[in-house]
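This is a predicted model, so every value here is computed, not measured. Both backbone and side-chain heavy atoms feed into the values below; hydrogens, waters and symmetry mates do not. Letters A, B, ... mirror the listed sequences (proteins, then strands); counts begin at 1.
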There are 2 protein chains.
Amino acid sequence: MAKENKEDLTKERILDSAETLFAQKGFRAVSVREITSAARCNLAAVNYHFGNKESLYLEVFRSRWVPRARRVQESFRKSLAAQDSTSPEAVVSALAKAFLEGPLSDEERLRHSQLMTREMTQPTKAFEHVAEQIMQPFFQELADKLGSVLPNELEEEKMLLNIFSIFGMVLYFNFARVAVSRLTGEKYNAAFRDRLVKQITEFSLKGLNVNDEEELQ
Amino acid sequence: MAKENKEDLTKERILDSAETLFAQKGFRAVSVREITSAARCNLAAVNYHFGNKESLYLEVFRSRWVPRARRVQESFRKSLAAQDSTSPEAVVSALAKAFLEGPLSDEERLRHSQLMTREMTQPTKAFEHVAEQIMQPFFQELADKLGSVLPNELEEEKMLLNIFSIFGMVLYFNFARVAVSRLTGEKYNAAFRDRLVKQITEFSLKGLNVNDEEELQ
DNA sequence: GTTTGTATCAAACGTTTGTTTGAATGTCAA
DNA sequence: TTGACATTCAAACAAACGTTTGATACAAAC
């Protein structure tokens with residue numbers, strides 16, 4: 001091996017360009033030539049390093065998407081630990097901030113939610129990996145944390161649906177940036193992003209509040 | 001012209017298969033051969049009737065997606081008119097029902113929101129059409145209706161963000177069916193769909209409730 | 001019967017696609 | 001220096017792609 005240690009430059013550059021292009025256009029709409037051209041390497045490099053195009057796509061999720069998702073989760077936990085972690089406000093606010101103002105750059109956040117949205121609309125082999133490794137455990141963690149701080153006891157399914165509602169909003173405000181900007185007339189910048197975090201937090205908090213609840217069911 | 005009146009069978013069949021396939025896989029991932037094969041017609045029919053593949057995609061939005069969106073909106077208005085239309089409950093409940101239990105079949109609803117999600121993540125020429133003709137006016141209508149029934153006065157931007165929050169949830173629960181079913185362990189059937197309508201309605205209503213609101217800003 | 005216009009068809013067009021090949025280059029141990 | 005291995009490269013491969021073509025069928029108009 002030439003350079004086993006440190007980062008293998010070509011392989012890493014391919015993964016970088018591949019992730020960006022797959023997120024922007026989707027798997028089928030991106031050609032191997034486009035990827036290798038952006039990564040400034042030879043066409044055959046993809047097949048040499050990853051076998052084929054599909055394996056490259058899966059590797060993007062394994063070595064890029066999943067670690068990034070972990071970073072976001074870690075940021076959520078830290079943000080929560082820093083606050084008074086016994087209130088629903090703290091949990092929801094930490095969640096919104098982790099996903100809209102967390103450790104990722106705006107570009108990274110866009111790519112991240114674009115890839116996730118793609119997998120949710122038409123799951124590939126990558127979805128199983130993502131669901132098991134990231135989503136399932138994180139939603140469980142959220143349910144536990146919220147369950148321990150919410151005043152009323154909630155059945156598990158209801159708690160999960162609440163989390164989905166919040167998460168749907170978070171995802172939506174990330175992947176539908178263009179549409180939201182277009183329809184509000186506001187440019188997507190730091191100020192508007194802050195506005196969105198506030199919106200998600202306030203809306204979700206009220207949505208979670210089960211004070212005035214006495215369902216008939 | 002052979003059969004000007006009635007429906008032009010081949011052309012309509014192409015539009016049908018095209019919409020289904022574009023919704024499922026996206027523009028680039030669907031070949032013209034796949035479409036014409038599903039429509040049981042000759043390969044050249046797409047170019048004869050629509051000029052090229054891209055024009056066919058746009059025509060799917062003009063002649064299929066937009067009319068269907070109008071039907072959903074009409075269903076919302078009727079459902080609202082049938083209820084006591086002076087309460088926020090009525091508006092939100094009518095909205096959720098129109099988009100999850102409205103005039104569309106489950107398949108139609110899935111295709112519809114899949115196509116919309118695609119245009120929101122990576123807008124094509126179709127997006128301008130959709131935004132101007134459908135989204136912009138409908139969001140305005142929602143803002144007006146909600147504005148007239150909500151107890152407190154809301155600034156326009158805040159109202160729009162609230163609507164986006166609700167709409168994000170609606171879209172999410174439609175396009176992320178697979179993920180939601182997988183993570184809740186529930187099959188997506190009529191009963192679960194009812195559960196989702198209830199969830200969206202309750203969550204949104206609380207989210208909208210501005211009773212206990214006294215922001216500092 | 002002839003003409004005209006619409007629609008469908010099999011076949012072929014030139015590109016682009018993902019993948020393979022074999023030579024060339026560089027690196028390190030023997 | 002030699003041999004073995006990892007990596008890069010230009011070139012080529014067959015298959016799939018969107019699109020075009022010219023022939024054919026069929027109806028209505030003259």
Peer 1: Looking only at side-chain atoms of A:Ala44, point me to the closest of C:dC9, D:dC9, C:dT17.
Peer 2: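 The listed nucleotide nearest to A:Ala44's side chain is D:dC9.
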Peer 1: Establish, with yes or no, whether the OP1 or OP2 oxygen of C:dA7 is under 4.0 angstrom from a side-chain nitrogen or oxygen of B:Thr10.
Peer 2: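 Checking C:dA7 against B:Thr10, no side-chain N or O comes under 4.0 Å of OP1 or OP2.
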Peer 1: In this structure, is the centre-to-centre distance between the rings of B:Phe164 and B:Phe139 below 6.0 Å?
Peer 2: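 Yes, close enough.
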Peer 1: Do the charged groups of A:Glu74 and A:Lys78 touch, with an N to O distance under 4.0 Å?
Peer 2: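 No salt bridge links A:Glu74 with A:Lys78.
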Peer 1: Report yes if at least one side-chain N or O of A:Asn47 is closer than 4.0 Å to OP1 or OP2 of C:dT19; otherwise report no.
Peer 2: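 Yes.
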Peer 1: Just checking A:Ala45: base, sugar-phosphate only, or nothing, at a heavy-atom cut-off of under 4.0 Å?
Peer 2: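 If one applies the 4.0 Å heavy-atom cut-off, A:Ala45 turns out to touch nothing in the nucleic acid.
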Peer 1: Taking CG from B:Asn52 and P from D:dT20, how many angstroms apart are they, rounded to a whole number?
Peer 2: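 After rounding, the reported distance stands at 8 Å.
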Peer 1: Given atom OH of B:Tyr48 and atom P of C:dA10, what is their separation to the nearest angstrom?
Peer 2: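 Computing the B:Tyr48:OH to C:dA10:P distance gives 17 Å.
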Peer 1: Does B:Asn42 contact C:dA7 through a side-chain donor or acceptor facing the base, at a distance under 3.5 Å?
Peer 2: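 Such a pair does not exist between side chain and base.
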Peer 1: Could you check how far CZ of A:Arg28 sits from P of D:dA16, rounded to whole Å?
Peer 2: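 In whole Å, D:dA16 P lies 11 Å from A:Arg28 CZ.
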Peer 1: Over how many whole Å does the gap from B:Ile14 atom CD1 to D:dT19 atom P extend?
Peer 2: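 Result: 13 Å.
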Peer 1: Looking at every non-hydrogen atom in both residues, tell me the closest pair between B:Asn174 and B:Ser113 and how far apart they are.
Peer 2: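 In terms of heavy atoms, the two residues are closest at CB-OG, 3.3 Å.
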Peer 1: Name the closest nucleotide to the A:Lys53 side chain, picking from C:dG18, D:dT20, D:dT19.
Peer 2: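 Looking only at side-chain atoms, A:Lys53 lies closest to C:dG18.
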Peer 1: OP1 or OP2 of D:dA6 less than 4.0 angstrom from a side-chain nitrogen or oxygen of A:His49, does that happen here?
Peer 2: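 So the side-chain polar atoms of A:His49 never come under 4.0 Å of the phosphate oxygens OP1 or OP2 of D:dA6.
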Peer 1: Expressed in angstrom and rounded to an integer, what is the separation of B:Leu43 atom CG from D:dG18 atom C1'?
Peer 2: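 Going from CG in B:Leu43 over to C1' in D:dG18 covers 8 Å.
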Peer 1: Using whole Å, what does the distance between atom P of nucleotide C:dT8 and atom CD of B:Glu12 come to?
Peer 2: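 It is 12 Å, rounded to the nearest whole Å.
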Peer 1: Does C:dT17 have OP1 or OP2 sitting under 4.0 Å from an N or O in the side chain of A:Ser31?
Peer 2: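 So the side chain of A:Ser31 is within the cut-off, an N or O lying under 4.0 Å from OP1 or OP2 of C:dT17.
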Peer 1: Would you kindly check if the NZ (Lys) or CZ (Arg) of A:Lys11 is within the cone defined by 45 degrees around the ring axis of A:Tyr48 and under 6.0 Å from the six-membered ring centre?
Peer 2: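 Pair A:Lys11/A:Tyr48 does not count as cation-pi.
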Peer 1: Give the nucleotide from the list D:dC9, C:dT8, C:dA12 with an atom nearest to the side chain of A:Cys41.
Peer 2: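 Nearest nucleotide to the side chain: D:dC9.
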Peer 1: Decide if the gap between the ring center of A:Phe175 and the ring center of B:Phe175 is smaller than 6.0 angstrom.
Peer 2: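 Yes, the ring centres sit under 6.0 Å apart.
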Peer 1: Just how far, in rounded Å, is P of C:dT16 from NZ of A:Lys25?
Peer 2: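 Taking NZ of A:Lys25 and P of C:dT16, I get 14 Å after rounding.
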Peer 1: Would you mind reading off the distance between B:Glu54 atom CD and D:dT19 atom C1', rounded to a whole angstrom?
Peer 2: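 For the pair B:Glu54 CD and D:dT19 C1', the rounded distance is 14 Å.
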